[in-house]
Q: 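Handing you a structure now.
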Amino acid sequence: MAAAGLPDADPELERPRQPEHGEWATTLALRLAKPAKAAPRDIAQRIVDHLDVPEQVAEVEIAGPGFVNFRLSASYYADLIREVVAREEGFGRSSVPEEEREHVNVEFVSANPTGPLHVGAGRWAATGDAIAALLEAAGHEVTREYYVNDAGEQVRRFGESVVLVARGEELTDDHYRGGYVAEIADALRAAHGADLFADDGQAQGVAPATAARVGELAVEAMRARIEGQLHELGVDYDVWFSERTLHDSGAIETTVAQLTSDGHTYADDGATFLRTSDHGDDKDRVLVRSDGRPTYFAADCAYLREKWDRASAAGTGGGARLFYLLGADHHGYVARLLAAAECLGIPSGRVEIRIGQLVNLLRGGEPVRMSKRAGELITLDEVVEEVGTDVTRYHFLRQGLDTTVDFDLAVVTRQSMENPVYYVQYAHARISSLIRTADERGFDHGTVEEANLLRLDHPAEHELLRALARLPLEVAEAAELRATQRLARHAEELAGTFHRFYTECRVLVDGDEELGRARYWLAVAARRALADALALLRVRAPERM
RNA sequence: GCGCCCGUAGCUCAGUCAGGAGAGAGCAGCGGACUUCUAUUCCGCCGGUCGCAGGUUCGAAUCCUGCCGGGCGCACCA
């Protein structure tokens with residue numbers, strides 16, 4: 001820059017939207033116009049004159065008001081194809097330097113185990129899982145974790161509900177109801193006998209000990225069912241963390257004691273408050289109620305501390321990170337959770353909470369009412385069964401977290417381009433078919449090293465190569481932004497460029513075997529890229545459709 | 001009332017973090033393309049005051065302020 005007589009500045013290369021503008025571009029000259037007091041195009045010219053152009057850049061041009069565009073050479077793309085073909089899998093993955101590699105605890109779903117998951121939870125399942133996969137692809141270590149609220153009032157209440165249903169007695173508005181409660185009652189009766197629901201000399205209602213005993217079993221049964229529901233969606237966790245263990249081990253008392261000795265609490269009206277309002281929260285929050293029982297928030301604090309210690313112990317160079325994916329109905333917790341983290345001495349920025357907007361379940365444009373009453377609850381597994389895991393996952397993943405998702409059963413079950421997942425999968429199946437056909441016909445594709453990949457100069461070939469080359473960057477960006485839709489949209493772009501290539505460029509051509517071989521290896525590379533993108537989204541890449 | 005999110009083509013949404021080249025995609029509508037590697041595909045046309053009004057900037061869908069619509073949340077609940 002100095003040589004060109006210009007102020008120092010970050011070139012900030014970016015990818016132009018229009019193919020005519022090359023693979024890379026910089027707006028440097030435009031931004032320097034003011035400080036350098038010169039016309040942007042003149043500045044651009046001076047930059048270009050002093051530029052050290054790498055081998056892989058075929059052409060540099062100044063365009064428009066002062067953009068500098070770079071075009072990559074054919075040999076760059078030839079190397080790209082060889083690289084993609086050479087790696088067995090994981091094109092698109094990257095690695096971070098050891099000192100930046102984080103251990104990320106990704107907590108998602110964590111719905112209360114007092115009922116089966118509904119459709120909305122599917123969004124958090126698919127998204128949390130895919131973000132975890134993206135973080136892994138970006139080179140981080142990940143723990144997928146589910147926090148099980150298996151302690152406290154709701155367990156007692158759930159147990160009481162099961163007992164009452166088992167006995168055929170009446171429920172009140174405070175109880176859980178619905179077919180699944182009866183199912184649990186039946187299952188528990190089968191496993192433990194009807195005596196499980198009996199009280200000793202209790203005249204009315206359910207004895208606390210009975211409610212607690214049944215509640216514990218019922219919650220575990222429900223948790224197991226939730227685990228199964230998530231597995232159906234292709235989501236498997238590393239850790240199912242039990243809240244009860246925090247109560248049993250004394251971790252909650254220890255945590256409250258620590259917060260107190262660090263001066264973050266005070267007593268008022270017999271209750272213990274945490275000074276969260278000193279750390280950005282609207283008001284202080286109760287840790288221990290005036291009757292001595294800890295709040296759920298106290299358990300959250302203990303859990304936060306436990307998780308932080310565990311993630312830190314992994315000892316990665318980039319340190320630990322606690323990632324929470326929460327629904328918009330929980331965004332009220334964000335401030336107090338972050339405040340708690342500060343009080344616990346967790347470095348700022350290490351607890352990251354992302355809020356996702358909610359899901360509307362529709363059928364033919366009409367809202368599906370999800371009443372608590374028996375029979376009207378639409379569970380996640382029912383939906384997955386009806387529409388399939390690939391469509392369900394992809395539908396959630398291709399939309400940003402900030403957008404409310406309409407999940408319309410009538411639309412989503414249609415196998416048309418209203419479900420773009422088929423478009424991407426079809427591209428993969430099409431390439432697979434092409435390769436099968438080539439083999440059947442005894443097509444001599446040779447090796448990728450022998451192929452003359454410089455023959456790939458058709459516009460459709462070039463577009464496909466461009467999309468292919470961008471995959472690693474798109475993955476890295478999607479991981480950085482925790483934005484699954486980035487990857488989904490790029491997979492669609494990749495599929496689109498392949499479909500156009502397929503239409504315009506025949507691979508198994510007569511008379512030009514050299515070109516055919518080059519195209520064959522391009523198709524192989526494209527299939528690998530599609531398979532890798534779909535793998536990160538945990539969507540199947542079918543060989544046939 | 002306060003806080004968070006959204007408002008972009010008839011519909012569903014990308015793009016907003018980090019301001020740049022005539023604002024993109026799919027669906028719907030209209031018109032084309034298979035005797036040849038999968039037509040769940042491809043090509044073309046139609047379609048937009050980027051909610052409204054100000055401001056910052058050489059340049060705003062993008063940043064700031066204020067409005068207007070919609071969703072969600074504001075417990076010694078769980």
Side-chain angles (χ1 to χ4, degrees), chain A residues 10 12 14 16-18 20-21 25-27 30-31 33-34 39-40 63-67 69 112 114 149 151-158 268-273 282-283 285-291 293-297 327-335 355-358 360 365 398-406 408 411 414-427 429-438 440-441 443 460 477 480-481 483 485-486 488-490 492-493 495-496 498-510 516 519-520 523 544-545:
Chain A
D10 186 347
E12 287 185 32
E14 58 188 53
R17 292 198 186 91
Q18 319 254 355
E20 310 86 78
H21 297 142
T26 179
T27 59
L30 291 166
R31 283 180 286 115
K34 195 164 203 183
F67 295 96
N69 298 332
N112 287 339
T114 50
N149 290 115
E153 168 64 15
Q154 63 181 350
V155 174
R156 188 201 63 76
R157 196 180 292 178
F158 191 40
D268 187 30
D269 246 358
T272 306
F273 284 76
D282 296 336
K283 57 175 90 161
R285 306 290 170 174
V286 175
L287 285 172
V288 184
R289 285 176 273 236
S290 44
D291 62 7
R293 290 150 55 226
T295 60
Y296 271 73
F297 179 56
D329 51 344
H330 289 105
H331 86 250
Y333 297 128
V334 174
I355 300 298
Q357 298 304 307
L358 304 178
N360 297 320
R398 81 184 294 267
Q399 213 159 122
L401 274 179
D402 286 341
T403 314
T404 302
V405 170
D406 286 337
D408 192 322
V411 171
R414 240 174 268 153
Q415 289 207 12
S416 70
M417 267 310 290
E418 284 165 89
N419 288 314
V421 65
Y422 296 122
Y423 182 77
V424 180
Q425 291 185 315
Y426 181 60
R430 226 177 180 187
I431 303 174
S432 301
S433 167
L434 169 60
I435 291 170
R436 273 197 306 274
T437 305
E440 283 162 19
R441 294 188 188 173
F443 176 73
E477 243 177 53
E480 180 72 27
L481 298 170
Q485 80 275 14
R486 290 287 184 125
R489 302 285 170 158
H490 185 66
E492 289 168 29
E493 168 78 18
F498 173 77
H499 285 311
R500 282 185 282 279
F501 159 76
Y502 185 89
T503 303
E504 296 192 35
C505 303
R506 292 194 64 79
V507 175
L508 306 179
V509 282
D510 294 326
R519 287 177 171 172
Y520 175 89
R544 300 166 199 272
M545 283 177 77

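Note that the coordinates shown come from a computational prediction; the quantities given were computed from them, not determined experimentally. Chain letters run A, B, ... following the sequence lines, proteins first and then strands; every chain starts at 1.
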Q: Contact class for Leu358(A) vs. all strands (heavy atom < 4.0 Å): base, sugar-phosphate, or nothing?
A: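 Sugar-phosphate only.
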Q: Please name all residues satisfying side chain to side chain contact (heavy atoms under 4.5 Å, CB included) with Glu480(A), sequence neighbours left out, ordered by chain then number.
A: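 If we apply the side chain to side chain contact (heavy atoms under 4.5 Å, CB included) test to Glu480(A), skipping adjacent residues, there are no hits.
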Q: Polar pairs (N or O, both sides) under 3.5 Å between protein and nucleotides 74-78 of chain B?
A:
from	atom 1	to	atom 2	distance (Å)
A75(B)	O5'	Lys283(A)	NZ	3.4
C76(B)	O2	Ser290(A)	N	2.9
C76(B)	O2	Ser290(A)	OG	2.9
C76(B)	N3	Ser290(A)	OG	3.2
C76(B)	N4	Asp268(A)	O	3.3
C76(B)	N4	Asp269(A)	O	3.3
C77(B)	N4	Tyr333(A)	OH	2.4
A78(B)	OP1	Arg293(A)	NH2	3.4
A78(B)	OP2	Arg289(A)	NH1	2.4
A78(B)	O3'	Gln154(A)	N	2.3
A78(B)	O3'	Tyr296(A)	OH	3.4
A78(B)	O2'	Gln154(A)	OE1	2.8
A78(B)	N1	Tyr333(A)	OH	3.4

Q: Give the nucleotide from the list C37(B), U38(B), C72(B) with an atom nearest to the side chain of Arg544(A).
A: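 Nearest to the side chain of Arg544(A) among the choices is U38(B).
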Q: Identify whether the distance between the nearest side-chain nitrogen and carboxylate oxygen of Glu504(A) and Arg500(A) falls below 4.0 Å.
A: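 Salt bridge absent between Glu504(A) and Arg500(A).
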Q: How does RNA chain B look in dot-bracket notation if pairs are Watson-Crick or G-U with both distances under 3.5 Å, crossing ones as [ ], other-strand ones as |?
A: (((((((..((((......[...)))).(((((.......))))).....(((((..]....))))))))))))....
Q: Does Ala523(A) reach a base, just sugar-phosphate, or nothing at all? Heavy atoms under 4.0 Å.
A: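 The residue Ala523(A) makes no contact with any strand.
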Q: Determine, answering yes or no, if Phe67(A) is stacked on A21(B) under the 5.5 Å centre rule and the 30° plane rule.
A: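 Stacked: centres under 5.5 Å apart, planes under 30°.
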Q: When the ring planes of His499(A) and Tyr426(A) are compared, do they come out parallel, tilted or perpendicular, using 30° and 60° as the limits?
A: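 Taking Tyr426(A) first and then His499(A), their aromatic rings lie parallel (interplane angle under 30°).
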Q: For nucleotides 39-42 of chain B, print each protein N/O atom paired with a nucleotide N/O atom at under 3.5 Å, atom names and distance only.
A:
from	atom 1	to	atom 2	distance (Å)
A39(B)	OP2	Arg430(A)	NH2	2.5
U41(B)	O2'	Arg430(A)	NH1	2.8
C42(B)	OP1	Tyr423(A)	OH	2.4
C42(B)	O4'	Thr503(A)	OG1	3.3

Q: Tabulated below should be each protein N or O lying under 3.5 Å from an N or O of nucleotides 4-8 of chain B; please produce it.
A:
from	atom 1	to	atom 2	distance (Å)
C5(B)	O2'	Gln357(A)	NE2	3.4
C5(B)	O2'	Asp402(A)	O	2.8
C6(B)	OP1	Asp402(A)	OD2	3.4

Q: Residues in side chain to side chain contact (heavy atoms under 4.5 Å, CB included) with Arg544(A), at least two apart?
A: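 Result, side chain to side chain contact (heavy atoms under 4.5 Å, CB included) vs Arg544(A): Arg436(A).
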Q: For Gly400(A), answer base if it contacts any base atom (sugar-phosphate contacts may also be present), sugar-phosphate if it contacts only those atoms, and nothing otherwise; contact means non-hydrogen atoms under 4.0 Å.
A: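 Result for Gly400(A) = sugar-phosphate.
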Q: Could you tell me which non-hydrogen atom of Phe158(A) sits nearest to which non-hydrogen atom of Thr114(A), and how far apart they are?
A: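 Here Phe158(A) and Thr114(A) meet closest at CE1-O, 3.5 Å.
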Q: If I compare all heavy atoms of Ala438(A) with all of Leu508(A), which pair ends up nearest, and what's the gap?
A: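 It is CB-CD2, 3.8 Å.
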Q: Would you confirm whether Thr437(A), through its side chain, and Ser433(A), through its main-chain N or O, come within 3.5 Å as a donor-acceptor pair?
A: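 Yes, Thr437(A) side chain to Ser433(A) backbone: donor-acceptor pair under 3.5 Å.
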Q: Is the glycosidic angle of C74(B) within 90° of 0, making it syn, or outside that range, making it anti?
A: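 Here the answer is anti: the torsion falls beyond 90° from 0.
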Q: What's the gap between G51(B) and C45(B) when it is taken at their C1' atoms, as a whole Å value?
A: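 Straight-line distance between the two C1' atoms is 29 Å.
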Q: Looking at every non-hydrogen atom in both residues, tell me the closest pair between Arg486(A) and Leu481(A) and how far apart they are.
A: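 Closest approach of Arg486(A) to Leu481(A), heavy atoms only: NH2-CD1, 3.5 Å.
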Q: Identify the heavy atoms of Val411(A) and Asn419(A) that sit nearest to each other, and give their distance.
A: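 Looking at all heavy atoms of both residues, the closest pair is O-ND2, 3.5 Å.
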Q: Side chains of Gln154(A) and Asn112(A): do they bring a donor and an acceptor to under 3.5 Å?
A: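 Note: Gln154(A) and Asn112(A) side chains meet the donor-acceptor criterion.
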Q: Is the shortest side-chain N/O distance from Arg436(A) to OP1 or OP2 of U38(B) below 4.0 Å?
A: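 For U38(B), neither OP1 nor OP2 has a side-chain N or O of Arg436(A) closer than 4.0 Å.
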Q: If I pick the P atom on G44(B) and the same atom on A25(B), what distance separates them, to the nearest angstrom?
A: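 Taking atom P in both A25(B) and G44(B), they lie 10 Å apart.
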